[in-house]
Colleague: 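Let me begin by handing over the structure; questions about it come next.
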Amino acid sequence: MDAEKSIAAGLEGIVAGRSSICEVDEERSELYYYGYSIAELAEKSTFEEVAYLLLYGKLPAKAELTSFCEKLEQEMEVPDEVYDVIKLLPRRTDPMDALKIAIGVLHTVDPDSASNENDANIRKSMRLIARIPAIIANHYRYAHSESTVKPKPGLSIAANFLYMLRGSEPGGFESNVLDKSLILYAEHEFNASTFAARVIASTLSDLHSAVIAAIAALKGPLHGGANERVMEMLLEIGSTENVEPWISNALSNKTRIMGFGHRVYKKADPRSPVIKGLAKELSKKGGDDKWYEMSEKIEKIMNDEKGLHANLDFYSSSAYYLLKMPVSIYTPVFVASRVTGWVAHIMEQYNDNRLIRPRSEYIGPERKAFVPINDR
Ligand code: CMC
């Protein structure tokens, strides 16, 4: 290898491929899915519309959306084999691990599993988008010795998820908040999990395998795992008065504060004001502003002291907490949304594929003669 070539740690700033799906404008702190701004999508569309946009590259006409939603509804029921396997797992199994296993089982029972054609991959993608919420909710229910709840026809993906989790239908506002958060989480260019998915797809392995790799990458606390760590931190801090001493102590110990900073957005995360507004509304409506107040105080300290901005995971945590969602499923909910972006990228990779195989610069020991074991 050319020793002069510089290595970008963490591939920072490296453009690793071309994509039509998502544009991240780090200078203006803006984000677009197929040309549509995230702020507008979150305000005016639904998660189902965004899923269609990501799968087909265009917004659906009314009839197209109706037919898309009907197809999703037909695919919502999770095959028994998935629950049979889930019930073999220890109840303490991490929900992200359970998801990887469940997606593996879905591959084995998918009628299109042998085909890597685009049409087959669209059908596989729709089954994943339709079924992942039920798997997350019912794995949680199984882990807490509660019976399985089947999805209810006629509800949106967001409303259905809350319905299955709680066993009762959520209010319209709550479903709407979750729906918007799913839109915000849906797609984000070459982030770690999407890139992992593209690497797997580039070997021409199957779509489910690429999604499993993406889930594995998302699990990490520097990526999707951050939303759960944020809430754990808020719970540990416990009160608005304790924010200042807790954060100062953490910063002086060089502890990373979860939900702050971003590899690409150095000025602001364009998704953050949207989720922050929703968290504020939820806390007003629910009469519980403790978590929002604490979060605002942490945000101010992090801005002032470190010049770091809240990312999407920061206010998602208090919003999810106010939606009474258990902390252990915050990252799986990220999967339920981001799967739409992953499958779009996986199909884009298949459609113009070249094996992703970069190089490394060797920095190990010098070359030497092999010493037989008896002479060492
Ligand atoms: N808390 C405290 N210090 C931080 C943080 C943070 N959250 N983020 C970055 N820094 C500091 C870091 O210590 C370093 O300081 P120094 O130069 O003095 O050593 C400097 O900022 C640069 O950090 P970096 O790790 O080189 O930056 P990066 O671009 O590699 O990291 C990041 C990006 C997201 C991994 C990082 O900001 C982080 O660890 N954040 C916390 C985890 C998190 O919230 N992840 C969610 C990311 S966004 C949505 C998603 O993908 O889920």
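In listed order, ligands and their atoms are each counted from 1. By convention here, the first residue in the shown sequence is residue 1.
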Colleague: Taking only non-hydrogen atoms of Asn191, do any sit less than 4.0 angstrom from ligand 1?
Modeller: no
Colleague: Can you find a protein heavy atom closer to atom 38 (C) of ligand 1 than 4.0 Å?
Modeller: yes
Colleague: Identify the closest protein heavy atom to atom 15 (O) of ligand 1: which residue and atom is it, and at what distance?
Modeller: Lys306 NZ, 4.9 Å
Colleague: Give me the residue, atom name and distance of the protein heavy atom closest to atom 46 (C) of ligand 1.
Modeller: Asp313 OD2, 3.4 Å
Colleague: Give me the nearest non-hydrogen protein atom to atom 40 (N) of ligand 1 as residue plus atom name, then the distance to 0.1 Å.
Modeller: Phe260 O, 2.8 Å
Colleague: Just going by heavy-atom distances, which of Arg256, Arg271, Met258, Glu305 is nearest to atom 31 (O) of ligand 1?
Modeller: Arg256
Colleague: Taking the side chain as C-beta and beyond, is there a heavy-atom pair between Thr340 and Tyr52 under 4.5 Å?
Modeller: no
Colleague: What I want to check is whether the side chains of Ser113 and Asp206 have a donor and an acceptor closer together than 3.5 Å.
Modeller: no
Colleague: Measure from the ring center of Tyr142 to the ring center of Tyr83 and say whether it is less than 6.0 Å.
Modeller: no
Colleague: Work out whether the distance between some heavy atom of Phe314 and some atom of ligand 1 is less than 4.0 Å.
Modeller: no
Colleague: Please work out which of Arg263, Met302, His262, Arg229 has its closest non-hydrogen atom nearest to atom 28 (P) of ligand 1.
Modeller: Arg263
Colleague: Taking NZ, NE, NH1 and NH2 as the nitrogens, is one of them in Asp119 or Arg123 under 4.0 Å from a carboxylate oxygen of the other?
Modeller: no
Colleague: Taking the six-membered ring for Trp, are Phe260 and Phe314 parallel (under 30°), tilted (30 to 60°) or perpendicular (over 60°)?
Modeller: tilted
Colleague: For atom 10 (N) of ligand 1, state whether the nearest protein heavy atom is under 4.0 Å away.
Modeller: yes
Colleague: With under 30° as parallel and over 60° as perpendicular, where do the rings of Tyr320 and Tyr185 fit, or are they tilted in between?
Modeller: tilted
Colleague: Please work out whether any backbone atom (N, CA, C, O) or any side-chain heavy atom from C-beta onward of Lys266 is under 4.0 Å from ligand 1, and answer side chain, backbone, both or neither.
Modeller: side chain
Colleague: Looking at His144 versus His139, is the centre-to-centre ring distance below 6.0 Å?
Modeller: no
Colleague: For atom 34 (C) of ligand 1, what's the nearest protein heavy atom and its distance?
Modeller: Gly261 O, 3.9 Å
Colleague: Determine whether any protein heavy atom is located less than 4.0 Å from atom 26 (O) of ligand 1.
Modeller: no
Colleague: Would you confirm whether any non-hydrogen atom of the protein falls under 4.0 Å from atom 20 (C) of ligand 1?
Modeller: no
Colleague: Where does Leu222 meet ligand 1, judged by heavy-atom distances below 4.0 Å: at the side chain, the backbone, both, or neither?
Modeller: both
Colleague: Transitively linked via ILVMFWY side-chain contacts under 4.5 Å: Ile38 with Tyr36?
Modeller: yes
Colleague: Using a distance-only test with no angle check, is there a side-chain donor-acceptor pair under 3.5 angstrom linking Lys124 and Asn121?
Modeller: yes
Colleague: Who's the nearest protein heavy-atom neighbour of atom 43 (C) of ligand 1, and how far?
Modeller: Ala226 CB, 3.6 Å
Colleague: Is there a heavy atom of Ile257 sitting under 4.0 angstrom from any atom of ligand 1?
Modeller: yes
Colleague: Tell me whether Gly224 reaches ligand 1 (any heavy atom closer than 4.0 angstrom to a ligand atom).
Modeller: yes
Colleague: So, regarding Asn311 and ligand 1 (criterion: nitrogen or oxygen to nitrogen or oxygen, under 3.5 Å), is there a contact or not?
Modeller: yes
Colleague: Under 4.0 Å from a heavy atom of Gly259: give me the atoms of ligand 1 that qualify, with their elements.
Modeller: 43 (C), 44 (O)
Colleague: Can you see whether Phe173 has Lys285 sitting over its ring - NZ or CZ less than 6.0 Å from the centre and within 45° of the normal?
Modeller: yes
Colleague: When you measure from the centre of the six-membered ring of Tyr163, is the NZ or CZ of Lys152 under 6.0 Å away and within 45° of the axis?
Modeller: yes
Colleague: Could you establish whether His309 and ligand 1 come within less than 4.0 Å of each other, counting only heavy atoms on the residue side?
Modeller: no
Colleague: Flag yes if Leu222 and Phe195 sit in one hydrophobic cluster, no otherwise; membership is Ile, Leu, Val, Met, Phe, Trp, Tyr, and two members link when side-chain heavy atoms are under 4.5 Å apart.
Modeller: no
Colleague: Quick one: nearest non-hydrogen protein atom to atom 51 (O) of ligand 1, plus distance?
Modeller: His223 ND1, 2.8 Å
Colleague: Do Tyr140 and Ile135 have side chains that get closer than 4.5 Å, going by heavy atoms?
Modeller: no
Colleague: Looking only at protein heavy atoms, which one is nearest to atom 4 (C) of ligand 1, and how far off is it?
Modeller: Leu308 CD1, 3.4 Å
